[in-house]
There are 2 protein chains.
Amino acid sequence: MAQAQTLSRNQQIVLNIIEKAKGPLKAYSILFNVQKKGINAPQQIYRALDKLIEMGKIHKIESKNAFVACKSSDCEISKATAFSICESCEMVDEISDAKLSKYLSSFNHRKGMKFKRFNLEFFGLCKKCK
Amino acid sequence: MAQAQTLSRNQQIVLNIIEKAKGPLKAYSILFNVQKKGINAPQQIYRALDKLIEMGKIHKIESKNAFVACKSSDCEISKATAFSICESCEMVDEISDAKLSKYLSSFNHRKGMKFKRFNLEFFGLCKKCK
DNA sequence: TATCATAATGTTATAATATAACGTTTGTTA
DNA sequence: TAACAAACGTTATATTATAACATTATGATA
């Protein structure tokens, strides 16, 4: 079984950069930042990103094609993610709201579909940009 | 002011294809389907898609980079969209649930952000694929 | 109806995002 | 230590999306 905690070298490098970043990072901007460390190809970045997502260490912001570190204890390895996204600056904030999470996790579509996972993106202007 | 109802030729062509489709369509697959009608370049598709989204006639499924026709009267020109997405087949269904919509529209993040819009994607297996 | 502004068009080129496919290396564990 | 799985490195290419520029249609109004 894959060990939940141990990160490979490339995974650790990529995660460090994402964790240090103030906002969401794009794959190619990560790539440019790690070329000094000997990572040269997009494939290497995308592979690390995929694994980090699987492990729940990071999330993809779908509307921005960008990645943020997970800050939520509620998201249960990315089964229940919610973000607030500022349409003016680059700010993205992960929303940890147990009530919201519970409400959505128990939501079931009439048409017979049982959901395994959801991703919610809110858009607006953050405090600064308002 | 832009007239909410009148569609240009290209917009109409693109909308027709999306409305006739059984599932979400990707930009380039739309392009291949309309080359017989004299639309030759991606730019033409993307421009039509952008306008149709603005008008609320279609929505983008962010996790799939694909587009579906709007079927909801609740979504208020894409201010409040929710979809159920089958992870096995290509099925995407727009969720019209007034309660859900109201709940999320009135949700406000603690950190002082007032939301203008949200997009929610649920993932699971549809009836057929289950 | 002439004119002006706006929206939409057509086209070429290119940017940005992401994956396929292959062989090699490393790490785990039986 | 042999065998397997995971991660790596690399080249090539596929997919998604936008920039930039010239042209043509459309609609409002003077």
Between D:dA7 (P) and A:Asn40 (CG): distance, integer Å: 20 Å

Between atom CZ in A:Arg47 and atom C1' in C:dA21, what is the gap in whole Å? 10 Å

For the side chain of B:Ser8, starting at C-beta, report the closest nucleotide among C:dT17, D:dG9, C:dT9. C:dT9

Check the distance between C:dT26's C1' and A:Gln44's CD and give it to me in whole angstrom. 15 Å

So, A:Phe123 versus B:Phe118, ring centres under 6.0 angstrom or not? no

A:Ala27 side chain: which of D:dG9, C:dT9, C:dA18 is closest? C:dA18

Hey, any chance B:Val92 and B:Leu25 share a hydrophobic cluster, counting ILVMFWY side chains that come within less than 4.5 Å of each other, even indirectly? no

Integer-rounded Å distance: C:dG10 C1' and B:Ile45 CD1: 12 Å

Nearest atoms (heavy-atom pairs only) where B:Ser84 meets A:Phe115: CB-CE2, 3.4 Å

Is the closest side-chain donor-acceptor distance between A:Asn16 and A:Gln12 under 3.5 Å? yes

Once you apply a heavy-atom cut-off of 4.0 Å, does B:Lys60 come out as touching a base, just sugar-phosphate, or nothing? sugar-phosphate

If only side-chain N and O atoms of B:Asn65 are considered, is one of them under 4.0 Å from the OP1 or OP2 phosphate oxygen of C:dT17? no

Rounded distance in Å - CD (B:Gln11) to C1' (D:dA25): 13 Å

Going by atom types alone, do A:Glu62 and B:Ser63 pair a side-chain donor with an acceptor below 3.5 Å? no

In whole angstroms, how far is the C1' atom of D:dT18 from the NZ atom of A:Lys26? 12 Å

Any N or O donor-acceptor pair under 3.5 Å from the base of C:dA20 to the side chain of A:Gln43? yes

Any side-chain N or O of B:Tyr46 below 4.0 angstrom from OP1/OP2 of D:dT18? no

For the pair made of CZ in B:Phe32 and P in D:dT16, what is the distance, rounded to whole Å? 9 Å

Side-chain donor/acceptor contact of B:Tyr28 with base of D:dA17 under 3.5 Å: yes

B:Gly38 vs B:Pro42, nearer the 5' end of DNA chain C by closest nucleotide: B:Gly38

Rounded to whole Å, NZ of A:Lys51 lies from C1' of D:dA7 at a distance of 9 Å

